[in-house]
J.: 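Right, I'll just put the structure down here and ask away after.
Naming convention: chains lettered A, B, ... in sequence-line order (proteins, then strands); numbering from 1 in each chain. Quick caveat: nothing in here was measured; it's all calculated off a predicted structure.
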Amino acid sequence: MQSVFQYFTNNWSYILELTFQHFQLVATAVVIAILIGVPLGIYLTTNKALAEAVLQICAIIMTIPSIALFGLMIPLLSVINQGIGFLPALIALILYSQLPIIRNTYVAINNVNPDMRDAAIGIGMTTWQRLRQVEIPIALPVIMAGVRTAVVLSIGIGAIAAFIGAGGLGVLIDQGISRSNRDMVIAGAIGVSLLSIIADSLLGLVQKKLSPKGA
Amino acid sequence: MIQFSNVTKIYNGNVKAVDDVNFTVQKGNISVFLGPSGCGKTTLLRMVNRLVPITDGTISINGTDTSSLNEIELRRKIGYVIQSNGLFPNMNIEENVCIVPKLLGWDRKKQRDRFNYLMDLVGLAPDEYRNRYPHELSGGQQQRVGIVRAMAADPPVMLMDEPFGALDPIIRTHIQNEFLQIQKEVQKTILFVSHDIDEAIKMGDRVAIFKDGKLMQYDSPAELLANPKNNFVRQFVGSDRAIKSLSLYTVADLLDQTKLKPVKNKLTTPRVSVDTNLREVLSTLFNGSESELLVEDHNKQVIGSLTIADVQNYLQSNSQTA
Ligand SMILES: Nc1ncnc2c1ncn2[C@@H]1O[C@H](COP(=O)(O)OP(=O)(O)OP(=O)(O)O)[C@@H](O)[C@H]1O
Ligand SMILES: [Mg+2]
(Lines give C-alpha, C1' and ligand atoms only; values in the text may rest on other atoms or scores of the structure.)
(Ligands and ions follow the chains in the order given, each with its own letter.)
Protein backbone atom coordinates (compact mmCIF):
# COMPACT_ATOMS: atom_id res chain seq x y z
CA MET A 1 0.00 0.00 0.00
CA GLN A 2 2.89 2.24 0.90
CA SER A 3 4.39 1.76 -2.54
CA VAL A 4 1.12 2.60 -4.29
CA PHE A 5 1.03 5.85 -2.38
CA GLN A 6 4.62 6.41 -3.37
CA TYR A 7 3.69 5.85 -7.00
CA PHE A 8 0.93 8.44 -6.75
CA THR A 9 3.16 11.11 -5.24
CA ASN A 10 5.95 10.48 -7.75
CA ASN A 11 3.72 10.55 -10.80
CA TRP A 12 0.90 12.88 -9.89
CA SER A 13 1.19 15.15 -12.92
CA TYR A 14 1.13 12.15 -15.29
CA ILE A 15 -1.85 10.66 -13.45
CA LEU A 16 -3.62 13.99 -13.57
CA GLU A 17 -3.06 14.21 -17.29
CA LEU A 18 -4.47 10.70 -17.78
CA THR A 19 -7.43 11.54 -15.56
CA PHE A 20 -8.15 14.56 -17.68
CA GLN A 21 -7.96 12.45 -20.87
CA HIS A 22 -10.33 9.96 -19.29
CA PHE A 23 -12.72 12.68 -18.25
CA GLN A 24 -12.62 14.24 -21.70
CA LEU A 25 -13.44 10.98 -23.42
CA VAL A 26 -16.34 10.16 -21.08
CA ALA A 27 -17.75 13.69 -21.05
CA THR A 28 -17.71 13.96 -24.84
CA ALA A 29 -19.31 10.54 -25.21
CA VAL A 30 -22.05 11.20 -22.66
CA VAL A 31 -22.89 14.65 -24.02
CA ILE A 32 -23.28 13.21 -27.50
CA ALA A 33 -25.21 10.27 -26.06
CA ILE A 34 -27.62 12.69 -24.35
CA LEU A 35 -28.09 14.67 -27.56
CA ILE A 36 -29.06 11.44 -29.31
CA GLY A 37 -30.74 9.49 -26.51
CA VAL A 38 -33.03 12.08 -24.92
CA PRO A 39 -34.78 13.22 -28.13
CA LEU A 40 -34.96 9.61 -29.28
CA GLY A 41 -36.43 8.49 -25.95
CA ILE A 42 -39.04 11.24 -26.14
CA TYR A 43 -39.87 10.39 -29.73
CA LEU A 44 -40.26 6.71 -28.83
CA THR A 45 -43.08 7.55 -26.41
CA THR A 46 -45.20 8.21 -29.51
CA ASN A 47 -44.44 4.84 -31.09
CA LYS A 48 -44.65 1.83 -28.80
CA ALA A 49 -43.65 -0.84 -31.33
CA LEU A 50 -40.55 1.07 -32.38
CA ALA A 51 -39.73 1.76 -28.73
CA GLU A 52 -39.59 -1.92 -27.87
CA ALA A 53 -37.40 -2.65 -30.88
CA VAL A 54 -34.97 0.16 -30.09
CA LEU A 55 -34.73 -0.73 -26.40
CA GLN A 56 -34.11 -4.35 -27.36
CA ILE A 57 -31.27 -3.34 -29.67
CA CYS A 58 -29.74 -1.14 -26.96
CA ALA A 59 -29.95 -4.03 -24.51
CA ILE A 60 -28.15 -6.29 -26.98
CA ILE A 61 -25.39 -3.72 -27.48
CA MET A 62 -24.93 -3.67 -23.70
CA THR A 63 -24.22 -7.41 -23.71
CA ILE A 64 -21.35 -7.13 -26.19
CA PRO A 65 -18.09 -7.26 -24.20
CA SER A 66 -16.27 -3.97 -24.62
CA ILE A 67 -13.08 -5.62 -25.85
CA ALA A 68 -15.09 -7.32 -28.57
CA LEU A 69 -16.77 -4.07 -29.56
CA PHE A 70 -13.41 -2.30 -29.82
CA GLY A 71 -12.14 -5.20 -31.86
CA LEU A 72 -15.11 -5.00 -34.21
CA MET A 73 -14.56 -1.32 -34.77
CA ILE A 74 -10.91 -1.57 -35.73
CA PRO A 75 -11.53 -2.92 -39.26
CA LEU A 76 -14.58 -0.69 -39.75
CA LEU A 77 -12.84 2.53 -38.80
CA SER A 78 -9.56 1.58 -40.43
CA VAL A 79 -11.26 2.57 -43.65
CA ILE A 80 -10.95 6.19 -42.55
CA ASN A 81 -7.64 5.53 -40.83
CA GLN A 82 -9.13 5.75 -37.34
CA GLY A 83 -9.05 2.06 -36.41
CA ILE A 84 -7.51 2.78 -33.03
CA GLY A 85 -7.43 5.78 -30.74
CA PHE A 86 -10.00 8.29 -29.55
CA LEU A 87 -12.73 7.83 -32.17
CA PRO A 88 -13.51 4.10 -31.75
CA ALA A 89 -13.46 4.54 -27.97
CA LEU A 90 -15.83 7.48 -28.25
CA ILE A 91 -18.24 5.56 -30.48
CA ALA A 92 -18.22 2.57 -28.16
CA LEU A 93 -19.00 4.72 -25.12
CA ILE A 94 -21.80 6.51 -26.96
CA LEU A 95 -23.31 3.13 -27.85
CA TYR A 96 -23.07 1.81 -24.30
CA SER A 97 -24.62 5.01 -22.92
CA GLN A 98 -27.69 4.76 -25.11
CA LEU A 99 -29.55 2.13 -23.11
CA PRO A 100 -29.70 3.91 -19.74
CA ILE A 101 -30.37 7.28 -21.32
CA ILE A 102 -33.01 6.21 -23.85
CA ARG A 103 -34.71 3.85 -21.44
CA ASN A 104 -34.90 6.32 -18.59
CA THR A 105 -36.13 9.11 -20.85
CA TYR A 106 -38.74 6.83 -22.39
CA VAL A 107 -39.97 5.54 -19.04
CA ALA A 108 -39.93 8.97 -17.39
CA ILE A 109 -41.92 10.70 -20.13
CA ASN A 110 -44.33 7.77 -20.35
CA ASN A 111 -44.90 7.94 -16.61
CA VAL A 112 -45.84 11.61 -16.55
CA ASN A 113 -49.34 11.64 -15.08
CA PRO A 114 -51.77 11.57 -18.04
CA ASP A 115 -53.81 14.27 -16.28
CA MET A 116 -50.81 16.61 -16.59
CA ARG A 117 -50.57 15.92 -20.29
CA ASP A 118 -54.30 16.39 -20.65
CA ALA A 119 -54.28 19.67 -18.75
CA ALA A 120 -51.34 20.94 -20.80
CA ILE A 121 -53.07 20.15 -24.10
CA GLY A 122 -56.40 21.44 -22.86
CA ILE A 123 -54.82 24.74 -21.83
CA GLY A 124 -53.64 25.25 -25.38
CA MET A 125 -49.95 24.35 -25.26
CA THR A 126 -48.29 23.23 -28.46
CA THR A 127 -46.51 19.87 -28.39
CA TRP A 128 -43.16 21.61 -27.95
CA GLN A 129 -44.42 23.87 -25.16
CA ARG A 130 -45.90 20.89 -23.37
CA LEU A 131 -42.64 18.92 -23.56
CA ARG A 132 -40.50 21.89 -22.64
CA GLN A 133 -42.60 23.33 -19.79
CA VAL A 134 -44.35 20.31 -18.33
CA GLU A 135 -43.24 16.84 -19.35
CA ILE A 136 -39.45 17.22 -19.48
CA PRO A 137 -39.24 19.12 -16.16
CA ILE A 138 -41.35 16.47 -14.48
CA ALA A 139 -39.32 13.66 -16.09
CA LEU A 140 -35.92 15.28 -15.53
CA PRO A 141 -34.88 13.56 -12.29
CA VAL A 142 -35.38 10.12 -13.85
CA ILE A 143 -33.64 11.17 -17.09
CA MET A 144 -30.78 12.47 -14.96
CA ALA A 145 -30.59 9.14 -13.14
CA GLY A 146 -30.08 7.52 -16.55
CA VAL A 147 -27.30 9.97 -17.36
CA ARG A 148 -25.65 9.15 -14.05
CA THR A 149 -25.70 5.45 -14.85
CA ALA A 150 -24.28 6.18 -18.29
CA VAL A 151 -21.43 8.26 -16.84
CA VAL A 152 -20.38 5.66 -14.28
CA LEU A 153 -20.63 2.92 -16.89
CA SER A 154 -18.56 4.92 -19.35
CA ILE A 155 -15.83 5.69 -16.84
CA GLY A 156 -15.45 1.95 -16.23
CA ILE A 157 -15.49 0.95 -19.88
CA GLY A 158 -13.32 3.95 -20.73
CA ALA A 159 -10.50 2.30 -18.77
CA ILE A 160 -10.47 -0.53 -21.28
CA ALA A 161 -10.25 1.93 -24.16
CA ALA A 162 -6.60 2.40 -23.28
CA PHE A 163 -5.97 -0.95 -24.94
CA ILE A 164 -6.88 0.58 -28.30
CA GLY A 165 -4.83 3.67 -27.67
CA ALA A 166 -7.49 6.07 -26.49
CA GLY A 167 -5.50 7.15 -23.44
CA GLY A 168 -7.02 7.75 -20.06
CA LEU A 169 -6.46 6.06 -16.71
CA GLY A 170 -6.64 2.66 -18.37
CA VAL A 171 -3.11 3.39 -19.65
CA LEU A 172 -1.78 2.82 -16.12
CA ILE A 173 -3.52 -0.54 -15.98
CA ASP A 174 -2.42 -1.51 -19.49
CA GLN A 175 1.21 -0.53 -18.95
CA GLY A 176 1.21 -1.86 -15.41
CA ILE A 177 0.19 -5.29 -16.64
CA SER A 178 2.72 -5.44 -19.43
CA ARG A 179 5.50 -4.22 -17.13
CA SER A 180 4.33 -6.38 -14.23
CA ASN A 181 4.17 -3.19 -12.17
CA ARG A 182 1.57 -3.94 -9.55
CA ASP A 183 1.58 -0.43 -8.05
CA MET A 184 0.82 1.08 -11.44
CA VAL A 185 -2.15 -1.26 -11.96
CA ILE A 186 -3.56 -0.49 -8.53
CA ALA A 187 -3.01 3.25 -9.00
CA GLY A 188 -4.97 3.07 -12.27
CA ALA A 189 -7.78 1.10 -10.65
CA ILE A 190 -8.00 3.51 -7.72
CA GLY A 191 -8.01 6.46 -10.13
CA VAL A 192 -10.91 5.01 -12.11
CA SER A 193 -12.88 4.30 -8.93
CA LEU A 194 -12.28 7.76 -7.52
CA LEU A 195 -13.32 9.38 -10.79
CA SER A 196 -16.53 7.31 -10.77
CA ILE A 197 -17.38 8.15 -7.20
CA ILE A 198 -16.76 11.87 -7.66
CA ALA A 199 -18.72 12.05 -10.92
CA ASP A 200 -21.60 10.06 -9.42
CA SER A 201 -21.82 12.27 -6.33
CA LEU A 202 -21.69 15.49 -8.34
CA LEU A 203 -24.39 14.25 -10.70
CA GLY A 204 -26.42 13.16 -7.69
CA LEU A 205 -26.38 16.75 -6.49
CA VAL A 206 -27.39 17.99 -9.94
CA GLN A 207 -30.21 15.45 -10.00
CA LYS A 208 -31.47 16.70 -6.66
CA LYS A 209 -31.34 20.29 -7.88
CA LEU A 210 -33.34 19.37 -10.95
CA SER A 211 -36.09 17.55 -9.06
CA PRO A 212 -39.26 19.65 -9.15
CA LYS A 213 -39.58 21.36 -5.80
CA GLY A 214 -43.17 20.29 -5.78
CA ALA A 215 -42.62 16.57 -6.23
CA MET B 1 -73.64 31.03 -26.95
CA ILE B 2 -72.65 27.43 -27.56
CA GLN B 3 -74.65 25.38 -30.00
CA PHE B 4 -74.51 21.59 -30.30
CA SER B 5 -75.98 20.37 -33.60
CA ASN B 6 -76.34 16.65 -34.26
CA VAL B 7 -73.17 16.01 -32.29
CA THR B 8 -72.10 12.38 -32.37
CA LYS B 9 -68.98 10.61 -31.14
CA ILE B 10 -68.11 7.06 -32.01
CA TYR B 11 -64.91 5.68 -30.46
CA ASN B 12 -62.94 3.06 -32.37
CA GLY B 13 -65.72 2.60 -34.90
CA ASN B 14 -68.14 0.95 -32.46
CA VAL B 15 -68.60 2.67 -29.07
CA LYS B 16 -71.25 5.35 -29.51
CA ALA B 17 -70.37 7.67 -26.61
CA VAL B 18 -72.45 10.64 -27.76
CA ASP B 19 -75.46 10.13 -29.96
CA ASP B 20 -76.97 12.90 -32.10
CA VAL B 21 -77.12 15.58 -29.42
CA ASN B 22 -78.81 18.96 -30.04
CA PHE B 23 -79.06 21.87 -27.62
CA THR B 24 -77.97 25.44 -27.08
CA VAL B 25 -76.31 27.04 -24.08
CA GLN B 26 -77.04 30.75 -23.71
CA LYS B 27 -74.27 33.23 -23.10
CA GLY B 28 -73.54 33.78 -19.40
CA ASN B 29 -75.36 30.60 -18.35
CA ILE B 30 -74.18 27.53 -16.51
CA SER B 31 -75.27 24.35 -18.23
CA VAL B 32 -74.80 21.19 -16.19
CA PHE B 33 -74.22 17.87 -17.96
CA LEU B 34 -75.77 15.24 -15.75
CA GLY B 35 -76.06 11.49 -16.03
CA PRO B 36 -74.75 8.13 -14.84
CA SER B 37 -71.13 7.08 -15.30
CA GLY B 38 -70.23 6.37 -18.92
CA CYS B 39 -73.13 8.31 -20.44
CA GLY B 40 -70.76 10.53 -22.40
CA LYS B 41 -70.55 13.74 -20.35
CA THR B 42 -66.78 14.04 -20.43
CA THR B 43 -66.68 13.12 -24.09
CA LEU B 44 -69.17 15.83 -24.99
CA LEU B 45 -67.28 18.38 -22.91
CA ARG B 46 -63.95 17.53 -24.48
CA MET B 47 -65.37 17.83 -27.96
CA VAL B 48 -65.93 21.53 -27.27
CA ASN B 49 -62.20 22.29 -27.04
CA ARG B 50 -61.43 19.54 -29.52
CA LEU B 51 -59.50 17.33 -27.14
CA VAL B 52 -61.80 14.67 -28.58
CA PRO B 53 -62.43 14.88 -32.34
CA ILE B 54 -66.07 15.04 -33.36
CA THR B 55 -67.31 12.09 -35.41
CA ASP B 56 -70.35 13.87 -36.76
CA GLY B 57 -72.24 17.14 -36.29
CA THR B 58 -70.98 20.58 -35.31
CA ILE B 59 -70.30 22.58 -32.16
CA SER B 60 -70.32 26.32 -32.66
CA ILE B 61 -69.38 29.10 -30.27
CA ASN B 62 -71.09 32.42 -30.96
CA GLY B 63 -71.99 31.18 -34.41
CA THR B 64 -68.49 30.04 -35.40
CA ASP B 65 -68.01 26.35 -36.09
CA THR B 66 -65.17 25.30 -33.77
CA SER B 67 -63.75 22.95 -36.40
CA SER B 68 -62.93 25.98 -38.55
CA LEU B 69 -60.65 27.45 -35.86
CA ASN B 70 -57.03 26.78 -34.99
CA GLU B 71 -57.23 24.30 -32.12
CA ILE B 72 -54.42 25.84 -30.05
CA GLU B 73 -56.02 29.29 -30.22
CA LEU B 74 -59.46 27.82 -29.54
CA ARG B 75 -58.19 26.14 -26.37
CA ARG B 76 -56.55 29.30 -25.09
CA LYS B 77 -59.94 31.02 -25.24
CA ILE B 78 -61.66 28.24 -23.31
CA GLY B 79 -60.93 27.73 -19.63
CA TYR B 80 -60.60 24.04 -18.80
CA VAL B 81 -60.84 22.53 -15.32
CA ILE B 82 -60.23 18.80 -15.12
CA GLN B 83 -61.48 16.69 -12.27
CA SER B 84 -58.08 16.14 -10.68
CA ASN B 85 -57.31 19.89 -11.06
CA GLY B 86 -54.25 19.08 -13.21
CA LEU B 87 -51.89 21.56 -11.57
CA PHE B 88 -48.30 21.11 -12.72
CA PRO B 89 -46.09 19.89 -9.83
CA ASN B 90 -42.99 21.55 -11.26
CA MET B 91 -44.47 25.04 -11.19
CA ASN B 92 -45.46 27.15 -8.22
CA ILE B 93 -48.99 28.47 -7.83
CA GLU B 94 -48.39 31.75 -9.62
CA GLU B 95 -46.64 30.02 -12.53
CA ASN B 96 -49.49 27.52 -12.76
CA VAL B 97 -52.13 30.22 -12.80
CA CYS B 98 -50.32 32.45 -15.28
CA ILE B 99 -49.58 29.78 -17.89
CA VAL B 100 -52.15 30.87 -20.42
CA PRO B 101 -51.58 34.63 -19.94
CA LYS B 102 -47.88 33.89 -20.48
CA LEU B 103 -48.59 31.85 -23.61
CA LEU B 104 -50.66 34.78 -24.81
CA GLY B 105 -47.73 37.12 -24.20
CA TRP B 106 -49.14 39.30 -21.43
CA ASP B 107 -46.55 41.46 -19.69
CA ARG B 108 -45.38 40.57 -16.16
CA LYS B 109 -47.35 43.31 -14.44
CA LYS B 110 -50.61 42.37 -16.09
CA GLN B 111 -50.04 38.70 -15.20
CA ARG B 112 -49.37 39.55 -11.57
CA ASP B 113 -52.37 41.85 -11.27
CA ARG B 114 -54.58 39.17 -12.70
CA PHE B 115 -53.16 36.57 -10.32
CA ASN B 116 -53.74 38.82 -7.31
CA TYR B 117 -57.26 39.68 -8.41
CA LEU B 118 -58.36 36.08 -8.99
CA MET B 119 -56.76 34.65 -5.86
CA ASP B 120 -58.51 37.27 -3.78
CA LEU B 121 -61.73 36.37 -5.55
CA VAL B 122 -61.55 32.74 -4.38
CA GLY B 123 -60.38 33.69 -0.92
CA LEU B 124 -56.71 32.70 -1.13
CA ALA B 125 -54.23 35.40 -0.09
CA PRO B 126 -52.09 35.97 -3.21
CA ASP B 127 -48.84 36.62 -1.37
CA GLU B 128 -49.24 33.61 0.85
CA TYR B 129 -49.73 31.16 -2.00
CA ARG B 130 -47.72 32.70 -4.85
CA ASN B 131 -44.51 30.74 -4.27
CA ARG B 132 -45.99 27.56 -2.91
CA TYR B 133 -46.14 24.34 -4.91
CA PRO B 134 -49.36 22.45 -5.57
CA HIS B 135 -48.54 19.64 -3.13
CA GLU B 136 -48.29 22.22 -0.35
CA LEU B 137 -52.00 23.01 -0.70
CA SER B 138 -55.03 21.12 0.58
CA GLY B 139 -57.33 19.42 -1.92
CA GLY B 140 -59.86 22.22 -1.70
CA GLN B 141 -57.22 24.89 -2.20
CA GLN B 142 -55.81 23.04 -5.20
CA GLN B 143 -59.28 22.83 -6.69
CA ARG B 144 -59.71 26.58 -6.31
CA VAL B 145 -56.36 27.23 -7.91
CA GLY B 146 -57.44 24.93 -10.76
CA ILE B 147 -60.47 27.14 -11.28
CA VAL B 148 -58.40 30.31 -10.99
CA ARG B 149 -56.04 28.96 -13.62
CA ALA B 150 -58.92 28.27 -15.98
CA MET B 151 -60.14 31.84 -15.50
CA ALA B 152 -56.70 33.43 -15.78
CA ALA B 153 -56.91 34.69 -19.34
CA ASP B 154 -60.54 35.71 -18.80
CA PRO B 155 -61.95 33.21 -21.31
CA PRO B 156 -65.61 33.74 -22.21
CA VAL B 157 -66.23 29.99 -22.04
CA MET B 158 -65.28 27.53 -19.31
CA LEU B 159 -65.40 23.74 -19.30
CA MET B 160 -65.50 22.14 -15.88
CA ASP B 161 -65.37 18.36 -15.48
CA GLU B 162 -66.62 17.48 -12.00
CA PRO B 163 -64.57 20.34 -10.60
CA PHE B 164 -65.73 19.76 -7.04
CA GLY B 165 -65.81 15.99 -7.27
CA ALA B 166 -62.94 15.23 -4.92
CA LEU B 167 -64.10 17.45 -2.06
CA ASP B 168 -65.83 16.59 1.18
CA PRO B 169 -69.44 17.78 1.43
CA ILE B 170 -68.80 20.82 3.63
CA ILE B 171 -65.98 22.29 1.57
CA ARG B 172 -67.88 21.35 -1.55
CA THR B 173 -70.94 23.35 -0.54
CA HIS B 174 -68.70 26.23 0.41
CA ILE B 175 -66.87 26.27 -2.93
CA GLN B 176 -70.12 25.85 -4.85
CA ASN B 177 -71.54 28.94 -3.16
CA GLU B 178 -68.34 30.82 -3.68
CA PHE B 179 -68.30 29.87 -7.33
CA LEU B 180 -71.89 30.96 -7.90
CA GLN B 181 -71.01 34.27 -6.28
CA ILE B 182 -68.06 34.70 -8.64
CA GLN B 183 -70.18 33.71 -11.62
CA LYS B 184 -72.62 36.51 -10.79
CA GLU B 185 -69.74 38.86 -11.29
CA VAL B 186 -67.94 37.31 -14.26
CA GLN B 187 -70.92 35.94 -16.25
CA LYS B 188 -69.06 33.21 -18.12
CA THR B 189 -70.69 30.65 -20.34
CA ILE B 190 -70.00 27.46 -18.43
CA LEU B 191 -70.36 23.78 -19.25
CA PHE B 192 -70.25 21.88 -16.00
CA VAL B 193 -70.12 18.08 -15.70
CA SER B 194 -71.64 16.48 -12.63
CA HIS B 195 -73.24 13.21 -11.67
CA ASP B 196 -74.88 14.67 -8.60
CA ILE B 197 -78.46 15.83 -9.08
CA ASP B 198 -78.28 18.18 -6.09
CA GLU B 199 -75.21 19.88 -7.49
CA ALA B 200 -76.89 20.16 -10.88
CA ILE B 201 -79.97 21.79 -9.39
CA LYS B 202 -77.87 24.19 -7.43
CA MET B 203 -75.35 25.18 -10.07
CA GLY B 204 -77.31 24.93 -13.30
CA ASP B 205 -79.30 27.55 -15.16
CA ARG B 206 -80.05 24.61 -17.43
CA VAL B 207 -79.47 20.90 -16.87
CA ALA B 208 -78.86 18.41 -19.66
CA ILE B 209 -79.56 14.82 -18.62
CA PHE B 210 -77.89 12.08 -20.66
CA LYS B 211 -78.34 8.35 -20.93
CA ASP B 212 -76.10 6.18 -23.14
CA GLY B 213 -74.95 9.24 -25.06
CA LYS B 214 -78.48 10.47 -25.80
CA LEU B 215 -79.86 13.74 -24.46
CA MET B 216 -82.93 12.84 -22.40
CA GLN B 217 -84.01 16.29 -21.28
CA TYR B 218 -82.64 19.82 -21.37
CA ASP B 219 -84.46 22.21 -19.08
CA SER B 220 -84.20 24.52 -16.12
CA PRO B 221 -83.80 22.70 -12.79
CA ALA B 222 -87.33 23.71 -11.74
CA GLU B 223 -88.86 22.38 -14.93
CA LEU B 224 -86.81 19.19 -14.71
CA LEU B 225 -88.03 18.51 -11.18
CA ALA B 226 -91.62 19.48 -11.89
CA ASN B 227 -92.00 17.76 -15.23
CA PRO B 228 -89.52 14.97 -15.90
CA LYS B 229 -89.96 14.00 -19.53
CA ASN B 230 -89.62 10.24 -19.14
CA ASN B 231 -89.06 7.44 -16.67
CA PHE B 232 -85.30 7.64 -16.82
CA VAL B 233 -85.27 11.31 -15.87
CA ARG B 234 -87.92 10.73 -13.21
CA GLN B 235 -85.79 8.00 -11.66
CA PHE B 236 -82.62 9.99 -11.98
CA VAL B 237 -83.96 13.09 -10.25
CA GLY B 238 -85.34 10.81 -7.53
CA SER B 239 -88.65 10.30 -5.82
CA ASP B 240 -87.84 13.17 -3.49
CA ARG B 241 -87.77 15.60 -6.39
CA ALA B 242 -90.41 17.74 -4.72
CA ILE B 243 -88.19 18.26 -1.70
CA LYS B 244 -85.17 18.81 -3.96
CA SER B 245 -87.06 21.53 -5.76
CA LEU B 246 -87.29 23.41 -2.48
CA SER B 247 -83.61 24.24 -2.71
CA LEU B 248 -84.47 26.41 -5.71
CA TYR B 249 -86.55 28.82 -3.65
CA THR B 250 -85.82 31.03 -0.70
CA VAL B 251 -87.95 32.28 2.16
CA ALA B 252 -88.29 35.50 0.19
CA ASP B 253 -90.03 33.58 -2.64
CA LEU B 254 -92.40 32.05 -0.11
CA LEU B 255 -93.19 35.50 1.23
CA ASP B 256 -94.55 36.49 -2.18
CA GLN B 257 -97.37 34.00 -1.66
CA THR B 258 -97.80 33.62 2.10
CA LYS B 259 -98.06 35.97 5.04
CA LEU B 260 -95.91 35.12 8.05
CA LYS B 261 -97.55 34.54 11.39
CA PRO B 262 -96.91 36.92 14.25
CA VAL B 263 -94.09 36.03 16.60
CA LYS B 264 -94.96 34.23 19.83
CA ASN B 265 -91.76 33.14 21.53
CA LYS B 266 -88.89 35.33 20.45
CA LEU B 267 -86.13 33.95 22.62
CA THR B 268 -85.79 30.23 21.99
CA THR B 269 -86.93 29.87 18.42
CA PRO B 270 -84.16 29.41 15.81
CA ARG B 271 -83.84 32.14 13.20
CA VAL B 272 -83.35 32.05 9.43
CA SER B 273 -82.72 34.87 6.98
CA VAL B 274 -85.03 35.60 4.06
CA ASP B 275 -82.24 34.38 1.74
CA THR B 276 -82.19 30.85 3.16
CA ASN B 277 -83.45 28.25 0.70
CA LEU B 278 -86.57 26.34 1.63
CA ARG B 279 -84.85 22.99 1.71
CA GLU B 280 -82.60 24.25 4.47
CA VAL B 281 -85.59 25.75 6.22
CA LEU B 282 -87.27 22.36 6.14
CA SER B 283 -84.30 20.52 7.59
CA THR B 284 -83.89 23.16 10.29
CA LEU B 285 -87.54 22.66 11.19
CA PHE B 286 -87.11 18.89 11.33
CA ASN B 287 -83.92 19.04 13.33
CA GLY B 288 -85.06 21.59 15.91
CA SER B 289 -87.35 21.04 18.83
CA GLU B 290 -89.53 23.98 17.88
CA SER B 291 -92.30 23.70 15.34
CA GLU B 292 -91.64 27.17 13.99
CA LEU B 293 -88.79 29.39 12.86
CA LEU B 294 -88.30 33.14 13.08
CA VAL B 295 -87.60 34.92 9.81
CA GLU B 296 -85.13 37.80 9.75
CA ASP B 297 -84.93 40.44 7.05
CA HIS B 298 -81.66 41.79 5.71
CA ASN B 299 -81.31 44.08 8.73
CA LYS B 300 -81.57 41.16 11.13
CA GLN B 301 -85.02 42.33 12.19
CA VAL B 302 -87.49 39.53 12.93
CA ILE B 303 -90.45 39.91 10.59
CA GLY B 304 -92.54 36.88 11.52
CA SER B 305 -92.60 33.13 12.03
CA LEU B 306 -92.83 30.15 9.72
CA THR B 307 -94.04 26.53 10.16
CA ILE B 308 -93.81 23.28 8.19
CA ALA B 309 -97.34 23.86 6.97
CA ASP B 310 -96.24 27.07 5.21
CA VAL B 311 -93.50 25.23 3.32
CA GLN B 312 -95.92 22.46 2.41
CA ASN B 313 -98.51 24.89 1.07
CA TYR B 314 -95.87 26.65 -0.96
CA LEU B 315 -94.68 23.35 -2.43
CA GLN B 316 -98.19 22.31 -3.39
CA SER B 317 -99.21 25.57 -5.00
CA ASN B 318 -95.89 25.59 -6.78
CA SER B 319 -96.09 22.10 -8.26
CA GLN B 320 -99.58 22.88 -9.56
CA THR B 321 -98.41 25.91 -11.49
CA ALA B 322 -95.21 24.30 -12.79
N1 LIG C 1 -60.68 7.21 -25.38
C2 LIG C 1 -61.72 6.37 -25.42
N3 LIG C 1 -61.71 5.30 -26.25
C4 LIG C 1 -62.77 4.46 -26.30
N5 LIG C 1 -63.89 4.59 -25.59
C6 LIG C 1 -63.96 5.63 -24.75
C7 LIG C 1 -62.90 6.58 -24.62
N8 LIG C 1 -63.25 7.51 -23.72
C9 LIG C 1 -64.49 7.17 -23.30
N10 LIG C 1 -64.92 6.05 -23.91
C11 LIG C 1 -66.22 5.41 -23.73
O12 LIG C 1 -67.23 6.35 -24.05
C13 LIG C 1 -68.29 6.29 -23.13
C14 LIG C 1 -68.51 7.64 -22.49
O15 LIG C 1 -67.38 7.97 -21.71
P16 LIG C 1 -67.26 9.33 -20.89
O17 LIG C 1 -65.91 9.37 -20.29
O18 LIG C 1 -67.64 10.44 -21.79
O19 LIG C 1 -68.36 9.11 -19.77
P20 LIG C 1 -68.76 10.04 -18.55
O21 LIG C 1 -70.21 10.33 -18.69
O22 LIG C 1 -67.85 11.20 -18.44
O23 LIG C 1 -68.55 9.06 -17.32
P24 LIG C 1 -68.03 9.37 -15.83
O25 LIG C 1 -69.18 9.96 -15.08
O26 LIG C 1 -67.69 8.01 -15.31
O27 LIG C 1 -66.86 10.27 -15.93
C28 LIG C 1 -67.95 5.19 -22.14
O29 LIG C 1 -68.62 4.02 -22.55
C30 LIG C 1 -66.46 5.04 -22.29
O31 LIG C 1 -66.08 3.72 -22.03
MG1 LIG D 1 -66.37 11.83 -17.02
J.: Given that the side chain runs from C-beta out, which part of A:D118 has a heavy atom under 4.5 Å from chain B: side chain, backbone, both or neither?
T.: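 When you check distances to chain B, atoms from both the backbone and side chain of A:D118 fall under 4.5 Å.
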J.: If you check every heavy atom in residues 38-75 of chain B against those of chain A, which residues fall under 4.5 Å?
T.: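 So far as heavy atoms go, B:R46, B:N49, B:L51, B:I72, B:R75 are the residues that approach chain A to under 4.5 Å.
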J.: Can you name the residues of residues 39-78 of chain A that have some heavy atom under 4.5 Å away from a heavy atom in chain B?
T.: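 Residues of residues 39-78 of chain A touching chain B at under 4.5 Å: none.
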J.: Could you name each residue pair satisfying ring-ring contact (aromatic ring centres under 6.0 Å, His included) that touches residues 29-64 of chain B, not counting sequence neighbours?
T.: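 Counting only pairs at least two positions apart or across chains, the ring-ring contact (aromatic ring centres under 6.0 Å, His included) contacts touching residues 29-64 of chain B are B:F23-B:F33, B:F33-B:F210.
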J.: Working to the nearest 0.5 Å, report the span between CE of A:M125 and CZ of B:R76.
T.: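 Answer rounded to 0.5 Å: 8.5 Å.
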J.: Looking at every heavy atom in both B:G86 and A:A119, which two are closest together, and how far apart are they?
T.: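 Minimum heavy-atom contact is O-CB, 3.6 Å.
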J.: Measuring from atom CD of A:E135 to atom CZ of B:F88, what distance do you get when rounded to the nearest 0.5 angstrom?
T.: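 So the gap between those two atoms works out to 9.0 Å.
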J.: Can you list the steps and then say if B:L87 with A:M116 is a side-chain contact (heavy atoms from CB on, under 4.5 Å)?
T.: CA-CA 7 Å; B:L87 298 178; A:M116 297 299 127; 5.9 Å; no
J.: Quick one: what part of A:Q129 sits under 4.5 Å from any heavy atom of chain B, side chain, backbone, both or neither?
T.: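 Just its side chain gets close to chain B.
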J.: What residues form a ring-ring contact (aromatic ring centres under 6.0 Å, His included) with A:Y106, not counting sequence neighbours?
T.: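 By the ring-ring contact (aromatic ring centres under 6.0 Å, His included) rule, A:Y106 matches no residue at all.
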J.: Please assess A:I123 against B:L103 for the test side-chain contact (heavy atoms from CB on, under 4.5 Å), listing each intermediate value before the final yes or no.
T.: CA-CA 10 Å; A:I123 262 171; B:L103 291 175; 4.2 Å; yes
J.: Is it the case that more than 12 heavy atoms not belonging to A:F163 sit under 6.0 Å from its CZ atom?
T.: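 Counting other residues, nucleotides and ligands, CZ of A:F163 exceeds 12 neighbours.
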